[in-house]
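Encoded as structure tokens, the structure appears first; notes follow it.
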Amino acid sequence: MNLDLLNKGYEPREVESRWYSFWEKEGLFDALADSAPKNFSIVIPPPNVTGVLHMGHALNNTLQDILCRYRRLRGDNVLWMPGTDHAGIATQNVVERKLAEDGLDRHHLGREKFIEAVWQWRRKYGNAITNQLKRLGASCDWKRERFTMDDGLSLAVRKVFVQLYNEGLIYRGDYIINWCPRCSTALADLEVEHEETDGNLYHIRYPYLNAAGGIVVATTRPETMLGDTAVAVHPEDDRYRNAADKTVMLPLMDRAIPVIRDKYVDMSFGTGALKVTPAHDPNDYAIGLRHDLPVIKAIGDDGRMTAAAGKFEGLERFACRRAVVEELKAGGYLVRVDAHRHSVGHCYRCKDIVEPNLSRQWFVKTGPLAQEAIVAVKEGRTRIVPEIWTATYFDWMTNIRDWCISRQIWWGHQIPAWTCRDCQELIVAMEAPPTCPACGSAAPVQDTDVLDTWFSSALWPFSTMGWPERTPLLETFYPTSVLVTGFDILFFWVARMMMMGIHFMGAVPFRDVYVHALVRDEEGKKMSKSKGNVIDPLSVIDTYGTDAFRFTLAAFAAQGRDIKMSAKRIEGYRHFINKLWNAARLCLMHLTEGQPEPGPESRSLPDRWILSRLKTLTRTVSEAIDDYRFNEAAGALYNFVWHEFCDWYLEAIKPVIYDRHGEEQKAATLAVLRRVLNDALILLHPFIPFVTEEIWHKLPGTQGSIMLAVHPLDDKRSVALSHDREAEAQMELVIDIITGVRNIRGEMDLPPALELKVELQSEDKTVRASVVDHRDIILNLARIKSLTVDEPGRKPASAATTIIPGGTLFVPLEGTIDFEKEAERLQKRINKVNAELMPVVKKLNNEDYLKKAPADVVAGARAKREQLHLTLQKLEATLARVRELAK
RNA sequence: GGGCGGAUAGCUCAGCUGGGAGAGCGUCGGCCUUACAAGCCGAAGGUCACAGGUUCAAGCCCUGUUCCGCCUACCA
């Protein structure tokens with residue numbers, strides 16, 4: 001016996017620190033660029049380079065790692081492509097804040113120096129997130145790590161931009177876009193978060209220019225009136241039949257503006273008259289185009305009023321709102337102010353209120369691209385799991401609007417477009433044109449804008465593999481097997497990868513998209529720094545260990561449901577890791593190298609049973625992983641290890657391994673024990689890689705990493721195992737008897753030390769024989785002194801009784817029995833059986849049921865009725881006897 | 001405004017194509033049994049949100065209602 005093989009309690013810190021570097025050093029995460037018989041690939045959703053590991057990353061990468069490790073164990077050539085995203089606005093903000101600490105800002109530094117500063121920052125801090133992924137155990141092929149701003153990916157970005165431009169799928173134009181005054185950049189529609197806000201609806205009277213009275217308009221943003229160039233009414237609105245074609249005087253500005261008719265106006269809203277501000281509202285802009293209205297930009301890109309706002313020039317937009325309202329009131333123009341709840345757009349980065357603003361931007365024409373992406377999913381070339389997201393995907397893709405891709409920041413891929421200083425020719429090209437192709441003037445000027453970060457992420461599945469070159473990596477691993485992601489970036493990222501992948505590779509970027517849930521806090525709220533409810537995965541890992549954490553995530557990753565995370569649940573799974581650890585200790589105390597492996601014929605009942613259960617487990621776990629039902633796989637493993645393996649099997653074989661049943665039996669059992677531990681570790685490894693690797697190395701007879709082990713589905717000796725129905729039935733009987741005795745002991749308050757003699761009466765010969773065969777196991781686990789087996793006959797007088805499916809169990813308690821208590825106990829049982837019996841009887845009395853239900857279902861119900869009936873009879877007879885004796 | 005999801009034991013949640021209500025934690029009782037007290041054994045606890053409907057049969061399918069949560073949207 002070798003007790004110091006493993007420590008008594010599992011210490012994750014010490015163990016985990018060893019294995020990650022071992023795996024990396026051995027090259028166990030490396031993919032072969034050349035195609036193997038089976039290839040499997042995943043591209044990581046690249047975390048922001050500024051990021052720190054949060055719960056979302058932890059879940060996302062744990063699930064990917066489970067898939068990758070599982071596929072490797074199944075013999076696949078696995079590529080898990082890692083990398084990070086340059087995260088334009090986020091990173092720029094971080095570095096700007098950093099500079100501010102030194103009293104610097106980017107405008108003083110200049111563009112070039114600022115970008116250099118960002119690169120410096122990236123070199124210094126940019127690996128934080130990848131190091132954290134390593135602590136999580138992520139088995140990425142780090143040698144291939146990519147960054148969205150590295151040379152290869154930047155080339156891919158330019159190539160894509162130029163081609164789309166030449167195909168007419170990228171264009172530049174003046175449109176109303178979402179403008180964030182704080183970030184001072186355009187935002188895509190997706191980057192705007194809408195939030196219901198309590199505001200006011202201001203009713204303002206615009207007097208007619210050459211007539212009495214006026215028109216009352218309603219607005220939530222009164223300051224925009226400074227840019228009004230018309231008032232619109234619906235052509236069929238009788239109220240304004242006479243008003244149309246008149247001219248009103250814009251208050252405060254003393255500007256004459258026309259009253260026009262446009263069907264866009266909703267007669268039922270407000271007064272039915274709409275003030276039109278083409279420069280600051282997308283609908284108004286459209287109306288402006290239809291009616292050839294002037295465009296007056298009253299709010300500047302810095303969020304302050306422009307010269308066009310007259311005396312309000314320079315006022316911050318919300319200060320201006322207050323000032324405008326005051327003046328309107330003073331001038332008698334303000335008719336009414338109603339409280340009005342409406343949704344207000346906020347910048348998803350800085351949360352500042354977004355201002356619709358007219359400006360010249362670059363757009364991707366998404367219609368044709370989206371169409372292809374819809375067809376790909378319709379035809380099943382890409383499958384979205386769970387399927388529920390397919391509808392959402394279609395919905396969004398169908399109603400997609402053009403994608404504003406230019407950003408007025410510095411950190412990112414600068415747009416490969418140049419303008420000639422002299423003739424204004426626009427040149428879109430991979431490299432800077434030395435001269436203008438139109439007029440020959442020197443050095444056209446590059447557009448100062450950069451591309452939306454998601455533009456480069458959209459290329460991720462193929463740009464990381466070396467596109468535009470046709471690399472072996474692409475040949476082998478594109479399309480990728482599956483993309484694992486949270487639904488929050490389904491549109492931002494997945495949809496756009498679909499569009500770009502199909503367009504540029506001619507094939508979908510992934511076969512499956514597995515959409516997982518969000519990790520929330522204990523109360524189901526989204527974790528966020530401002531709420532202070534963030535659980536830091538790294539501190540969880542420090543406290544409970546990576547394996548416990550990963551297992552928790554997997555166990556709660558039920559499809560379509562968010563995960564509420566709390567320390568308490570992780571603690572529960574730490575116990576599981578510890579349980580496994582200690583079970584392994586027990587095994588390792590007895591397993592030695594080179595033990596003989598006797599044939600199946602010498603296997604005991606528990607041996608046969610556990611092998612049969614292992615077979616089921618292997619299938620269950622593998623199928624669950626194949627279907628992305630991670631929680632089912634984790635649940636099956638938990639139940640097997642803790643309850644079947646530890647509670648029953650290990651307890652049952654203790655007498656054998658402690659040398660009470662002879663050498664031959666011991667050798668057979670140890671061989672089984674080894675096989676079960678071996679296979680269970682392999683099945684567990686994708687979920688809890690560290691502890692399984694540690695145990696694996698202590699297991700005599702194993703060589704190298706568990707990552708190179710043969711999966712039970714591919715291992716001849718394991719495949720040869722089959723379901724052993726006989727063993728399962730016999731073991732069930734044994735368990736029933738043991739549980740029955742334990743139950744009596746517990747409910748009758750019998751001291752554990754009290755030596756019990758137990759009698760089983762059964763009319764079933766097979767049952768009797770079976771119990772005799774396995775008497776030792778029962779004596780040991782039920783902690784009883786003797787077990788006699790008989791045909792039904794004389795009932796022991798002073799005994800506690802339990803009915804089990806195979807017969808009746810008597811625990812004679814001569815002189816010590818408490819009849820009251822026993823009667824009570826039996827009555828409880830009777831009530832329970834009755835409750836179970838009632839619905840069955842009712843069913844079987846229903847002729848329609850007998851006629852219409854499938855035969856096997858009816859047969860099952862009949863069998864159940866018989867069995868319950870029998871049990872009930874026995875219980876009632878016993879109770880009657882006990883009552884008699886109690887008198 | 002449109003759409004989606006959720007409501008099952010005290011808590012957190014499983015329950016896959018309709019056919020015997022489950023787990024973990026917590027609670028109660030008993031155990032230091034030679035791997036594990038981060039453990040072992042036993043027990044209690046549920047009108048499956050509400051109201052209808054389909055069906056021989058509904059936690060599961062349909063309709064409506066209530067309460068949560070999320071996504072989406074250019075009604076000023």
Side-chain angles (χ1 to χ4, degrees), chain A residues 1 3 6 8-10 176 189 194 201 217-221 224 232 264-266 268-277 281-286 340 342-343 356 388-389 391-392 395-396 399 487-488 490-491 518 520 522 524-526 548 555-556 558-564 566 568-569 571-589 624 627 629 631-632 635 638-639 646-647 650-651 654 658 738-739 742-747 749-753 780-781 783 828 836 839-840 843 846-854 856-858 860-861 864 868:
Chain A
M1 234 202 263
L3 257 174
L6 297 175
K8 188 167 171 180
Y10 177 60
I176 299 276
D189 295 331
H194 293 273
L201 190 59
V217 298
T219 180
T220 54
R221 295 184 296 154
T224 60
Y264 167 77
V265 180
D266 178 356
S268 64
F269 188 90
T271 60
L274 170 71
K275 61 186 269 314
V276 183
T277 323
D281 184 282
N283 298 308
D284 293 9
Y285 182 73
H340 183 64
H342 62 133
S343 86
I388 189 82
W389 292 105
T392 314
D395 192 50
W396 192 76
N399 299 314
F487 60 76
D488 49 332
L490 197 59
F491 304 140
L518 250 42
R520 299 176 180 280
E522 278 177 87
K525 298 214 175 73
K526 202 165 169 172
F556 282 97
Q559 287 188 359
R561 189 154 184 157
D562 286 349
I563 298 174
K564 291 187 203 168
S566 77
K568 194 122 202 205
R569 1 192 109 191
E571 198 177 329
Y573 287 102
R574 175 178 61 172
H575 296 175
F576 173 68
I577 304 298
N578 193 55
K579 185 77 180 175
L580 172 69
W581 179 257
N582 278 293
R585 284 180 67 215
L586 175 66
C587 298
L588 297 177
M589 284 173 197
D627 292 344
R629 298 192 317 262
N631 59 321
E632 274 184 42
Y638 184 97
N639 187 56
C646 291
D647 289 349
L650 289 182
E651 293 304 328
K654 271 180 182 172
Y658 283 108
I738 295 164
T739 308
R742 284 173 176 172
N743 179 288
I744 289 173
R745 206 190 278 275
E747 292 187 10
D749 286 341
L750 303 178
N780 175 38
L781 293 185
R783 311 182 127 255
K828 246 172 28 188
E836 244 188 294
V840 183
K843 255 200 297 204
N846 182 340
E847 276 185 37
D848 281 332
Y849 172 76
L850 298 176
K851 252 186 289 183
K852 293 180 184 171
D856 57 325
V857 172
V858 175
K864 185 171 177 180
L868 287 173

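A note on names: the letters A, B, ... follow the listed sequences, proteins ahead of strands, and every chain is numbered from 1.
- Which of B/C74, B/C25, B/G42 sits closest to the side chain of A/Lys568 comes down to B/C25.
- Among the nucleotides B/C74, B/A76, B/G20, the one closest to the side chain of A/Leu274 is B/A76.
- Among the heavy atoms of the strands, none lies under 4.0 Å from A/Lys851.
- Closest to the side chain of A/Arg783, out of B/C70, B/C40, B/U33, is B/U33.
- When both pairing distances are held under 3.5 Å, B/G18 makes no Watson-Crick or G-U pair with any nucleotide shown.
- Within the 4.0 angstrom heavy-atom criterion, no nucleotide atom of any strand lies near A/Glu847.
- The main-chain N or O of A/Thr739 is never found under 3.5 Å from a side-chain atom of A/Asn743 such that the two would form a donor-acceptor pair.
- With distances taken from any side-chain atom of A/Tyr638 to the nucleotides B/A14, B/G24, B/A76, the minimum falls on B/G24.
- The nucleotide whose nearest atom lies closest to any side-chain atom of A/Phe491 is, among B/C4, B/G20, B/U72, B/U72.
- In this structure, A/Ile388 reaches the sugar-phosphate backbone alone: every heavy-atom distance under 4.0 Å involves primed, P, OP1 or OP2 atoms, never a base.
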- Going 5' to 3' along nucleotides 55-60 of chain B, which nucleotides have protein heavy atoms under 4.0 Å from the base (write B), which only from the sugar-phosphate (write S), and which from neither (write -)? -B----
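- Between the CG atom of A/Asn578 and the P atom of B/A38 there is a distance of 9 Å, given to the nearest Å.
- Ring pair A/Trp581/A/Tyr10 is tilted by interplanar angle, where 30° to 60° counts as tilted.
- For B/G42, the paired base is B/C28 (Watson-Crick or G-U wobble, both distances below 3.5 Å).
- For A/His340, the listed nucleotide lying nearest its side chain is B/A76; candidates were B/C36, B/A76, B/C41.
- Checked against B/G42, B/G39, B/A76, the side chain of A/Glu747 finds its nearest nucleotide in B/G42.
- Counting heavy atoms from C-beta outward, A/Asp281 and A/Thr224 have side chains that stay 4.5 Å or more apart.
- The side chain of A/Asn283 contributes no N or O atom lying less than 4.0 Å from OP1 or OP2 of B/C75.
- Judged by Watson-Crick or G-U wobble contacts below 3.5 Å, the nucleotide B/U63 has B/A51 as its partner.
- Taking the six-membered ring where the residue is Trp, A/Tyr638 and A/Tyr573 present perpendicular rings, their angle passing 60° and hence far from 30°.
- Counting only heavy atoms from C-beta on, A/Pro282 has its side chain closest to B/C74 among B/C36, B/C74, B/C40.
- For A/Phe487, counting side-chain heavy atoms from C-beta on, the closest listed nucleotide (B/C70, B/G20, B/G29) is B/C70.
- Nucleic acid contact for A/Cys587: none, since no nucleic acid atom lies under 4.0 Å from a heavy atom of the residue.
- A/Val840 comes within contact range of no nucleotide atom at all, as no heavy-atom separation falls under 4.0 Å.
- For A/His342 and B/C75, the shortest distance from a side-chain N or O to OP1 or OP2 is not below 4.0 Å.
- Of all nucleotides listed (B/C16, B/G19, B/C74), B/G19 comes nearest to the side chain of A/Val857.
- Looking at heavy-atom distances under 4.0 Å, A/Asp281 makes no contact with the nucleic acid at all.
- As judged by a 4.0 angstrom heavy-atom cut-off over every strand, A/Ser343 is placed among the base-contacting residues.
- Within the nucleic acid shown, A/Tyr573 has no heavy atom closer than 4.0 Å to any nucleic acid atom.
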